[in-house]
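Input: a single structure, listed below in structure tokens.
Here is how names work: the chains are called A, B, and so on, in the same order as the sequence lines, proteins then strands, and each is numbered from 1.
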Amino acid sequence: MEKLLEKVYDYKEIENSLIQRFYSEDILPKFSFPAFSIVIPPPNVTGSLHMGHALNSTIQDFLIRYKLLKGYDSVWFIGTDHAGIATQTVVEKNLLRQGIKRSDISKQEFLQKVWEWKNEYGNIILEQFKRLGLYANISNSRFTMDKYYSVAVRKAFVELYNKGYVYKGKRVVNWCPRCLTSLSDLEVIHKTTKTKLYFVKYRFWDDDGYLVIATTRPETILADTAVAVNPNDERYSKYIGKRVLVPLVNRDVPIIASEDVDIEFGTGVLKITPAHDFNDYKIYQKNKNIGIVNIFNTKAELTLNEIEFNENLLKYNGLERFKLRENVVNDLEKFGLLEKVEDYSSNIGYCYRCDTIIEPYYSDQWFISMKELVKKPLELVEQEKIKFYPQSFKKVVIDWYNNIEDWCVSRQIVWGHRIPVFNCRACHNVWASEEDENRCLKCGSKDVFQEEDVLDTWFSSALWPFAVMYWPYSDFEKYRKCYYPTDVLTTAREIVFLWVSRMIVMSVFFLDEIPFKDVIIHAVILAPSGKRMSKSLGTGIDPLELIDKYGADAVRMGLIIQTAESQDVKFSIEKIEMARNFINKLWNAVRYLQLKKEKKVQNEFGDELVSLINNWLFDNLFDLTDNLDIFAKEYRFFDYSMSLYHFVWNVLCDWYIEYSKFFDYVQIEDAVNTVLRVVLLYLHPIAPFVTSYIYERMFGEDIIKQDVIKFMNYIKNKFVVDRTRSQYVQDFVDSVKEIRPFVNEILQLTFQDTVKIKIDFKNAEFPKDFEELFYSFTKTSRGYEPKSFMVKTKLGNIIIYIDEKSSDKYKELLSRKVAELKNNTQKIEKLLSNRDFIDKADKNVIKNYMENSKKLKEMIEINERILKEL
RNA sequence: GGGCGGAUAGCUCAGUGGUUAGAGCGCCUGCCUUACAAGCAGGAGGUCAUAGGUUCAAUUCCUAUUCCGCCCA
């Protein structure tokens, strides 16, 4: 049954042979208990696999596979997001390359083009995910605009609408003049930007005096409807009620009082442009009589209309906002209205998709009022019904809920879920409906039309955890029993508000239940320079290239061991190499053990020694697996990986396999097979390819079908560990490590093959065979008859007398050691003579110090004697 | 402006109220020892950012400062 591993670990071959099995149509929910479920954060259909996806998916796949091995019905719901603005932008650019402008074709034709694009390219990202070795069913993936999902979105919107949580209103919103759509607050990226502060004179209407106002956006002067000062500002309070002329426009506007005016900023006088500034809009809402003037069209070009017509503006008509700014500044200067210009840096909002500067824009939009909806989620997070890892995000989410603003959900684009609100031209009835309507519910008129806007992408993603389980169809109840709420959500920090907190809101509203129990917020992997990884900046590192070069297993493990906790890390290729080397090491260890079967050992050791060492091995193994289970439970993937790394490399390979070279295969076969099984099983969630491959080679079985819990119970009964006996072996290990530096130095000085020593096993229970092992492990040999020279190992029960070869080097080594020992002893003595310490410190701590002090003194004495006689 | 996190070896990062603070990479010495040179054995390298405080004891807890990063407005 067992097949020998190939000489060289060829990850490409292995990945090719297994990838279809991992990503297979046969992987279906079993609807059995215990169940475990995760929903993937759906990648954008426009996306390509980046480092964030790679880490995020690795974590999820780890959990899915770990639970699978633990006997769970472990299901991963995967799929993609239609990503409204992002996708539309990509398709627009595509068409432009073919010479087709968006404006050349109708909305319907364009929509058709987007669907064509989606059908052709929309699954690329899922195909790329494959390469990571994910265990999921690709044919079962969902899409936020597929047939069933669309039903869920409409149902959700209509229900919110009918319960009064949706309203339409004319508001100043974030507007992207390139994407030609509104954006939610969360889709705006604020960046400190160098700009200028213009000090502009506003003349009084009735005399020659003037006020100076500082503004970063002089072009919006044209839409000023008031000037405001803080009533507590002694400099200006006397002017409240007077009127000033808006420069260039010569519209006369009032000077109003507002507590919102920052006395410190600029001159302390604020111009009010309600239609093009958020703060000004707030002030306007409290002073509606000042009026609101919109001077821009959707592309942020100055556009006069009948209502807001002003002949002084005619010459600017059609100018784009920054061109307009130039013109306005020039004219202000020309008319002597510009007092000065200063350099300034201010926080400016940019579109998160296309990086265009956001224009606050006064327009009709749809909103969801959030204050009420957020109440229950807030409580649930506070009560830790949903737990965040790391915990600090609990507070972050709570703060966000507490300061929630209404959510602008309408987008003026084509690609998305059209808002299911219908209007009747005849009777002006407005209603929301899950079905397409062509007749007014109220008056029966056929003159009805649906809203043109589509919903924010994040509205549909907020429904993801239950929509992927076919809510609101009856099937959902079947899924709900096993898989809802889902167990854990893993995500990057940047979408905690955009997505995570809104999923909670929606799940609580529609199902009265949390969508997931745990939220893991993982690290952000930065470029090695510490900058963000970004394709456009050229700082991105392609995970697929890494997989090509190092193999998927190495990439997975390498990512995990460089991202402990959620602290951001600079990407280090060394960690990927470390993982690759580790897998290679494991491969070779297995291969060695397989080859060993064929070989006979010359002078094999007795079974007594073998059992002692096996006992030590299993002691370490059980210690390891106990820890691994804790680490997995606490999502400490770094600790999980590193403890496996150290067990395989520093326990199994460095020591056990070295011991095994003195044993015959039959003596260790049982232990070896068992330990390898356990290692492969526990490593499988990190490195699925190589472990599956080796497992099948060795045991002829599919690793994913194994039951770890059963197996562990079985072997814990079979190999009962004796801690005391295990300590003998550990003493041996420590003694070898202690003596090696001396031997190494001596050998290098004397060019001998071995150093002669004499070993004194103080502990009679040590098997005599250990002596032979010791010689071999330390490159020493029997035959030294000690006078008084020796080195005593520090912790162990073994005393080694070493042939001194009376060299200066040796003397130096010993003196250094003695000095070190003395130094430590002094520190401890000082502590022990401290009354406060004796009175207050923990008794065990004191005891340990005292014992150690004794040991140290003994060693100093011995080594000093040696030194004297050298 | 408000909030959060970080500063530990040359580099990337772990870790800890208590004896000698770790890993990988890099560096130095010696080894192709029949599983592995992607390896083996050994070594050098740290006032744990700075200043105070709490404590018998601080790299670890607290406060302030500096620098870096992130989030929100």
Does the structure show a Watson-Crick or G-U wobble partner for [N], both distances under 3.5 Å? Name it, or say none.
N     : result
B/C61 : B/G53
B/G30 : B/C40
B/A7  : B/U66
B/G22 : B/C13

Round to a whole Å and report the spacing from [atom1] of [X] to [atom2] of [N].
X        : N     : atom1 : atom2 : value
A/Lys575 : B/A23 : NZ    : C1'   : 8 Å
A/His646 : B/A14 : NE2   : P     : 15 Å
A/Asn848 : B/U19 : CG    : C1'   : 8 Å
A/Ile576 : B/G24 : CD1   : P     : 17 Å
A/Tyr11  : B/C36 : OH    : P     : 20 Å
A/Phe388 : B/C71 : CZ    : C1'   : 15 Å
A/Trp649 : B/A38 : CH2   : P     : 11 Å
A/Lys282 : B/A73 : NZ    : P     : 10 Å

If the threshold is 4.0 Å, N to carboxylate O, is there a salt bridge linking [X] and [Y]?
X        : Y        : answer
A/Glu829 : A/Lys822 : no
A/Arg532 : A/Glu494 : yes
A/Arg217 : A/Glu359 : yes
A/Asp355 : A/Lys191 : yes

Considering just the side-chain nitrogens and oxygens of A/Asn588, establish if one lies under 4.0 Å of OP1 or OP2 belonging to B/A38.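 Checking A/Asn588 against B/A38: no side-chain N or O falls below 4.0 Å of OP1 or OP2.
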Taking for each residue the nucleotide of RNA chain B bearing the nearest heavy atom, is the 5' side occupied by A/Thr825 or by A/Ser572?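 Counting from the 5' end, the first nearest nucleotide belongs to A/Ser572.
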Pick the nucleotide of RNA chain B nearest each of A/Ser853 and A/Tyr645; which residue has the one closer to the 5' end?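 Comparing both residues, the 5'-ward one is A/Ser853.
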Nucleotide nearest A/Arg740 when distance is taken to its side chain, options B/C36, B/A41, B/G18: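 Among B/C36, B/A41, B/G18, the one nearest the side chain of A/Arg740 is B/A41.
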When you measure from the centre of the six-membered ring of A/Phe367, is the NZ or CZ of A/Arg171 under 6.0 Å away and within 45° of the axis?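 Judged by the rule, A/Arg171 and A/Phe367 form a cation-pi pair.
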